[in-house]
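Report on the following structure.
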Amino acid sequence: MGQITIKRINVRELLFLFSLSIVVLCSYLTANVDLIAYCILFLLFDGIWYILKSGLNSSITIAAFFVTFFTFLLTRIIFPLFFDTSDLALELGETIFNDEINLKVNLQLYIALLSVYLGYRLTPLKTINSINPFFENHGVVRVRKISKKAIYFFSIFVLVGLYDQIRYVKTNSYADYYLFYSPQVPYIFVFLASFFEYFFYFYMATMPSKKDSKYVIILYLVVNLLSLSSGQRGGAVLAIIFLVTYFFIRNRVNPGEKPWITKRGIIILSTLIPIFVSILFMIAFIRSDKDVDYKGSSNLVVSFFYQQGVSANVIGYVNYFDEKLPKGKVYSIGKIIDFMNHNIISQKLFGTGPVKPQTVEHAMKDHTLHATLTYMGSPNLYLAGGGYGGSFIADLWADMEFFGIILGGLIYGICLAIIIKWCSLSFWKASVGLMMYSNIIYAPRSNYIDFIYYVFVSFTAIIVFAFIYCVKNNGRS
């Protein structure tokens with residue numbers, strides 16, 4: 001199976017990025033916040049131009065990351081350059097940081113985006129002359145059949161959990177859901193529901209035909225769209241982004257007689273985006289008991305994206321509390337450390353006890369940055385069950401400052417560059433790649449290490465991986 005190595009970036013483009021970075025450095029030294037924001041925008045434009053030149057079939061992973069990075073982190077930085085967002089800022093109760101912190105946040109955002117982009121562009125593209133037809137392997141076919149049945153089975157528990165959430169919201173409020181909701185269904189239902197996504201990723205990694213996967217994809221969409229009824233928009237948005245990415249990947253890997261997504265499909269998706277965004281925005285205001293027709297809501301798209309950019313505040317908070325954070329913590333891999341300290345085996349051997357969410361102990365002694373920041377910034381909100389959310393940039397900054405952001409960003413970029421290749425090489429690489437990808441694109445609003453934790457560490461992952469391994473190798477001579 002021959003390979004042709006193609007460079008993703010040339011010297012001229014590197015010189016442009018170097019020059020842009022010099023402008024950013026000068027802007028930082030002269031405290032020009034807006035100029036750094038414009039440089040971030042130029043960096044985005046450079047990435048978009050590259051994506052258009054190379055085609056979405058080859059660059060869909062970095063394109064999707066740009067979408068989530070912009071949506072969750074940049075809208076409150078970029079939009080004020082072109083729109084009057086004062087009414088929105090007042091309506092949403094936006095946190096106001098001093099000029100020094102705003103300047104630092106903009107620099108951190110630029111370095112993070114540049115690091116991911118360079119990690120992607122500096123990873124050579126290896127085109128494969130012939131795709132390894134792993135999806136025809138008897139073991140992979142067995143996995144496809146079993147995973148499909150498992151998806152239907154475990155979806156029952158997911159739907160029961162969603163019904164419980166929707167019922168709670170209807171009898172209380174969206175705010176109460178985020179602060180006080182606890183599942184009323186048996187814990188075993190919650191645990192079994194967590195298997196649904198894993199089997200979905202394993203099934204999709206077998207590269208099924210469009211006909212075979214049609215109802216699985218519909219079920220996956222329905223489950224995630226139903227979560228909108230409880231005010232949770234993240235799942236629906238990420239599900240759509242994942243599926244669009246997958247369709248472009250399938251244009252390259254076992255596409256069948258026709259492409260999974262065509263130019264006509266892209267046009268249809270483009271026309272549906274403003275409608276979908278407006279619906280999400282209206283859900284946001286309904287759940288906060290506000291009237292959608294408030295002053296300034298004439299542009300629902302701008303309003304929606306501006307509201308989503310709240311994750312930039314997390315980076316502001318990690319700068320504000322930089323000198324006051326608990327010492328000796330490693331937040332960038334905190335989820336793994338907390339798992340090792342508090343899992344059932346550790347509890348039995350070392351008497352550590354389980355994780356105690358929304359407690360002072362969890363905020364100040366564990367390695368969960370979003371809990372620490374929320375407790376230090378709004379202790380009453382934290383103890384009542386609320387939170388600021390997280391961002392991979394905040395985790396990396398808290399541990400290793402700029403070096404951490406650069407290193408972590410490069411790793412993300414490399415992963416985004418090789419995931420499509422993995423999907424053409426083997427079932428296991430495709431499975432791991434799809435799972436890692438789904439967490440990396442959400443990293444602007446989540447923990448840095450989720451792309452490793454979700455795949456290799458959680459108990460559910462270990463159980464499902466072991467089961468799939470047995471299914472795939474059953475009957476091997």
Side-chain angles (χ1 to χ4, degrees), residues 1-4 6 48 50-65 67 125-149 151-152 199-225 236-276 416-431 433-435 437-438 441:
M1 185 167 56
Q3 292 184 345
I4 302 174
I6 302 173
I48 292 169
Y50 166 76
I51 290 164
L52 293 175
K53 284 195 304 180
S54 59
L56 285 171
N57 286 338
S58 300
S59 56
I60 184 61
T61 53
I62 190 66
F65 183 83
V67 169
L125 172 63
K126 294 185 178 180
T127 60
I128 302 171
N129 292 336
S130 59
I131 302 296
N132 177 25
F134 66 86
F135 36 81
E136 298 174 358
N137 177 275
H138 292 304
V140 174
V141 172
R142 274 197 303 274
V143 170
R144 185 180 302 142
K145 292 178 180 178
I146 297 297
S147 295
K148 188 175 184 179
K149 292 176 182 178
I151 288 167
Y152 291 138
F199 279 107
F200 174 77
Y201 291 129
F202 276 120
Y203 173 78
M204 301 306 278
T206 67
M207 306 298 160
S209 67
K210 281 189 276 190
K211 182 179 179 181
D212 187 78
S213 62
K214 180 172 67 174
Y215 292 112
V216 170
I217 291 172
I218 291 173
L219 177 60
Y220 178 71
L221 268 178
V222 167
V223 165
N224 283 281
L225 290 175
V237 173
L238 289 174
I240 291 172
I241 292 175
F242 175 83
L243 287 176
V244 171
T245 302
Y246 183 81
F247 290 169
F248 278 105
I249 291 174
R250 291 303 303 275
N251 280 355
R252 295 165 57 94
V253 183
N254 191 28
E257 296 180 359
K258 296 180 180 179
W260 277 60
I261 187 166
T262 61
K263 290 182 179 179
R264 182 171 176 268
I266 295 172
I267 293 171
I268 292 172
L269 279 174
S270 300
T271 57
L272 290 176
I273 286 173
I275 299 172
F276 183 63
L416 291 171
I418 63 178
I419 281 170
I420 293 179
K421 177 188 171 185
W422 282 0
C423 288
S424 64
L425 291 180
S426 76
F427 164 72
W428 290 113
K429 288 182 178 179
S431 301
L434 293 176
M435 291 181 197
Y437 169 74
S438 67
I441 59 173

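Being a predicted model, the structure only gives us computed values, none of them experimental.
- L225 and A236 make their closest contact through CD2-CB, 4.1 Å (heavy atoms, listed as atom of the first residue, atom of the second, distance).
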Would you sort out whether I240 and L221 count as a side-chain contact (heavy atoms from CB on, under 4.5 Å), showing the intermediate values?
-> CA-CA 8 Å; I240 291 172; L221 268 178; 4.0 Å; yes

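- Every ring-ring contact (aromatic ring centres under 6.0 Å, His included) that W260 has, sequence neighbours left out, goes to Y246, F247.
- Residues R250 and K210 fail the side-chain proximity criterion, which asks for heavy atoms closer than 4.5 Å.
- You'll find the side chain of F242 reaches within 4.5 Å of the side chain of L434, heavy atoms only.
- Here the straight-line distance linking atom CD1 of I51 with atom CD1 of I48 works out to 6.5 Å at 0.5 Å rounding.
- Side-chain atoms of F427 and F202, non-hydrogen and from C-beta on, do get closer than 4.5 Å to each other.
- Annotation: the span from I62 atom CD1 to L56 atom CG amounts to 12.5 Å, rounded to 0.5 Å.
- Within a 6.0 Å sphere centred on OH of Y152, other residues, nucleotides and ligands contribute more than 12 heavy atoms.
- When only modelled atom types and interatomic distance are considered, S59 and Y50 share no side-chain donor-acceptor pair under 3.5 Å.
- In this structure the side chain of I218 reaches within 4.5 angstrom of the side chain of K214, judged on heavy atoms.
- With 3.5 Å as the limit, one finds a donor-acceptor pair spanning the side chains of Y437 and T245.
- To the nearest 0.5 Å, atoms OG (S58) and CG (N251) are separated by 10.5 Å.
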Decide side-chain contact (heavy atoms from CB on, under 4.5 Å) for V216 and K148; before the verdict, give the C-alpha distance in whole Å, the side-chain angles of both, and the deciding distance to 0.1 Å.
-> CA-CA 7 Å; V216 170; K148 188 175 184 179; 3.8 Å; yes

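- For the atom pair F134 CZ and S424 OG, the distance stands at 7.5 Å (nearest 0.5 Å).
- The ring-ring contact (aromatic ring centres under 6.0 Å, His included) check on Y220 picks up F200, with sequence neighbours excluded.
- Under a 3.5 Å cut-off, the side chain of T206 and the backbone N or O of R144 do not form any donor-acceptor pair.
- Of the inter-residue distances, the one linking I261 atom CD1 with L243 atom CG reads 10.0 Å to the nearest 0.5 angstrom.
- Formation of a donor-acceptor pair under 3.5 Å by the S426 side chain with backbone atoms of K429 is found in this model.
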Go through the steps to decide whether V253 and F135 satisfy the test side-chain contact (heavy atoms from CB on, under 4.5 Å), and finish with yes or no.
-> CA-CA 10 Å; V253 183; F135 36 81; 4.1 Å; yes

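- At most 12 heavy atoms of other shown residues, nucleotides or ligands fall within 6.0 angstrom of atom NZ in K211.
- Residues S213 and Y203 are in side-chain contact: their nearest non-hydrogen atoms beyond the backbone lie under 4.5 Å apart.
- By the 4.5 Å heavy-atom criterion applied to side chains, C423 and M207 are counted as neighbours.
- Here the side chains of R252 and I420 are in contact, with some heavy-atom distance below 4.5 Å.
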